[in-house]
Amino acid sequence: MDHTESRDGTAGTDEPTDATRTTPEPSREPEPAPEPEPAPEPEPAPEPGSAPEPGSAPEPGSAPEPGSAPDPSPEPGSTPDSSPEPGSAPAPAPSPNPSPQSGKKRRKPWVRRVRRTVLVLALVLIVPLVAVEAALRVNYMGDPADGTHTRNRDAMWLGHAWVDGRKKDADVTALAGRLKDTGVRDLYVHTGPLEHDGTLPKSVYPRARWFIDAVHRELPGVRVQAFLGDVLANGGPEGLELSDAATRAEVVRSAGQVLDTGYEGVHMDLEPLHSGDEHYLDLLDDLRKLTKDRDAQLSVAAHQIDPLPHLHSVAGLVADHPKWWSQEFFGQVARRVDQIAVMSYDTARLFESTYGGYVAQQTSLALEVTPPTTHLLMGLPFYYENNPSHWGHAETVAAAVRGARLGLSRTDRDRELFGLAPYIDFAATETNWKEFEDGWVR
C-alpha cells in the first residue's frame with residue numbers, strides 16, 4: 001500500500017434423362033438392310049446412362065467410324081453425350097460439394113484442440129491457485145505458543161493531520177488514552193511527502209515540534225519518527241528517481257532536517273520499490289550514517305516477501321512494479337536499518353483463514369532473514385476496504401494477529417525485537433482496536 005492519506009474495463013454434371021435424349025429423324029427412307037453379318041466382338045460398355053437409347057440411330061453418312069469420337073455438337077435440346085472413348089477408362093464422376101454436416105465433421109478436430117488447450121490452461125492457472133489457498137489454510141491451523149504476545153515494542157502509523165495544524169491538545173490526550181495500555185512505543189507520523197527531487201518543504205509540517213513535545217508529555221518513553229515517503233519514478237511517468245545521486249543526497253538532507261526539528265527517527269516508505277534495487281541500498285547506507293551520528297532510529301516500510309520462490313520475477317513479466325521482494329533482498333534491507341515493518345496487508349486473499357495463513361508465512365520468512373539486532377514489525381490493517389487487492393471481510397486484524405503469532409511460534413518464539421504495527425490511526429474502528437488488544441496486548 002502507498003502510505004499516504006488517500007485512504008481518507010456444386011452442382012455436379014447432370015446425368016442425361018429420357019426426356020432429354022432425342023433420336024434425329026432421317027432425311028430419306030433407309031435402304032433394305034443387308035443380310036446380317038456375324039456380330040462383332042462387343043465394344044466396352046459405355047458409362048451407364050450415356051449410350052443412345054435402343055432403337056435410335058445416327059443420320060446416314062454421319063455415323064462415326066469405330067474408335068472415333070462422337071460429334072461433340074449435340075442437336076438443340078439434347079444433352080451432350082459424355083460417353084468416354086471405347087477402350088478408355090471411364091471419367092470419374094465429379095465430387096459434389098460437401099454438405100454442411102461434413103464440414104462440421106472436418107472442424108471437430110480443431111474444436112477439440114481448442115477445448116483441450118483451454119482445459120490445460122485452466123488447470124495450469126487454477127490448480128496452483130487452489131493449492132496455494134489450501135496451503136495457506138493449513139498454515140493458519142494450530143495454536144500459537146504461549147508467551148507470543150506483545151513485547152512492548154509495537155509501533156503505529158499516524159496520518160499527516162498531527163503535524164499540519166488540524167490536531168489539538170485534546171486530540172493528543174485522546175490518542176494517549178488509546179495507546180497507554182498497549183505495547184506501542186514508536187509512532188511513525190506522516191511528515192512528507194517528499195518532493196520528487198528529494199527535498200522537503202518545512203511548510204508541510206508546521207506543527208511537528210508541538211506534536212513531539214505533546215507526545216513526550218502524555219506518553220513518556222514513546223518515540224516519534226518522521227514518516228517520509230514518495231512515489232518512485234519506476235511506478236509511473238513521474239516520481240522520485242533513486243538512480244540519481246543528487247536526488248538521494250537531497251533525501252538524506254531532508255532526513256537531517258526533520259531530525260533537527262526534534263524527531264527521534266526517520267521512517268522511509270518509497271513505493272513501488274523493485275526487489276534488488278541497489279540504489280535503494282545505497283540510500284539506506286547514507287541514511288544510516290546520518291541517524292547513527294544523531295543517535296536516532298532508521299526504520300523502513302517493507303514490501304511483502306515472495307510467498308513462492310521468484311514470484312516477484314514472474315509478476316514482473318506482467319506488471320511494471322511487482323508487489324514482492326525476494327527474501328534475499330529483504331534481508332539486505334533489514335541489515336541496514338534499526339526497524340523494518342512489513343506491509344502485510346493488501347494481499348488479495350479471499351478468506352480470513354488464508355489471509356491469516358499468509359501473514360503467518362510472511363512472519364516466518366521475515367524472521368529467517370532479519371538479524372536479531374533489527375527490530376521486526378508486522379503490519380496490521382486498521383482500515384476496511386473492498387477491492388481486488390484488499391477484501392475487508394478477509395483481512396481482519398484478528399486474523400493478522402493470530403497469523404503473526406503462529407509465524408513467531410514456529411520460527412523464533414523468543415525473539416525480543418518483534419512487534420506489530422497498525423496502519424493507520426484515522427481509519428481505525430473500535431473492532432480493529434478490540435481485536436488488536438484481545439489477540440496481542442492482553
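Computed from a predicted model, the values in this text were never measured in an experiment.
Distance CE/M378 to CG/L408: 10.5 Å, rounded to 0.5 Å. With rounding to the nearest 0.5 angstrom, the CG atom of L259 is 7.5 Å from the OG1 atom of T291. In this structure, CG in D412 is found 10.0 Å from OG in S364, a value given to the nearest 0.5 Å. From R336, atom CZ reaches atom CG of L283 across 11.0 Å, with rounding to the nearest 0.5 Å. Note that the CG atom of L119 and the CZ atom of R112 stand 14.5 Å from one another [nearest 0.5 Å]. The OH atom of Y280 sits 13.5 Å away from the NE2 atom of H274 when rounded to the nearest 0.5 Å.
Under a 3.5 Å cut-off, the side chain of D154 and the backbone N or O of L420 do form a donor-acceptor pair. A distance-only check finds a donor-acceptor pair linking the side chain of K168 to the backbone of G165 [under 3.5 Å]. For T374 (side chain) and T370 (main-chain N/O), no donor-acceptor pair under 3.5 Å exists by modelled atom type. Using a distance-only test at 3.5 Å, with no hydrogens or angles considered, a donor-acceptor pair links the side chain of R415 to the main chain of L367. No side-chain donor-acceptor contact under 3.5 Å links T247 to the backbone of S243. Side chain of R151 to backbone of H149: a donor-acceptor contact under 3.5 angstrom is found. In this structure, E264 contributes its side chain and Q297 its backbone to no donor-acceptor pair below 3.5 Å.
Between F382 and W433, the ring centre distance stays below 6.0 Å.
By the 30° and 60° cut-offs, the orientation of the rings of Y345 relative to Y423 is parallel.
With salt bridges taken as basic N to acidic carboxylate O contacts below 4.0 Å, one links D338 and R288. Remark: R178 engages E430 in a salt bridge, criterion side-chain N to carboxylate O under 4.0 Å. The existence of a salt bridge linking E250 and R253 is confirmed by a sub-4.0 Å separation between a basic side-chain nitrogen and an acidic carboxylate oxygen. Under 4.0 Å is where a charged nitrogen must lie from a carboxylate oxygen, and between R349 and E133 at least one such pair does. One finds no salt bridge joining D186 and R153 here, because no Lys/Arg side-chain nitrogen approaches an Asp/Glu carboxylate oxygen to under 4.0 Å. Using a cutoff of 4.0 Å between basic side-chain nitrogens and carboxylate oxygens, D438 and R442 are not scored as salt-bridged.
Looking only at side-chain heavy atoms (C-beta outward), W440 and R405 come within less than 4.5 Å of each other. With contacts defined as side-chain heavy-atom distances shorter than 4.5 Å, the pair T347/Q304 qualifies. A heavy-atom distance below 4.5 Å is not found between the side chains of E435 and V401. M268 is listed as a side-chain neighbour of L194, based on a closest heavy-atom distance under 4.5 Å. Side-chain atoms of V172 and F211, non-hydrogen and from C-beta on, do get closer than 4.5 Å to each other. Inter-residue side-chain proximity for E437 and D181 is flagged as unmet; no heavy-atom pair is nearer than 4.5 Å. Looking only at side-chain heavy atoms (C-beta outward), Y263 and V163 come within less than 4.5 Å of each other.
With S299 as the fixed residue, the side chain to side chain donor-acceptor pair (under 3.5 Å) test singles out one of R223, H375, Q225: Q225.
The number of heavy atoms from other shown groups lying within 6.0 Å of CG (D146) does not exceed 12.
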Item to check | Intermediate values then yes/no, side chain to side chain contact (heavy atoms under 4.5 Å, CB included), W325 and L273 | outcome: CA-CA 8 Å; W325 286 353; L273 185 60; 3.4 Å; yes

Next on the checklist: Pair H303, F330 - check ring-ring contact (aromatic ring centres under 6.0 Å, His included), show working.
Outcome noted: CA-CA 8 Å; H303 287 29; F330 187 97; over 10 Å; no

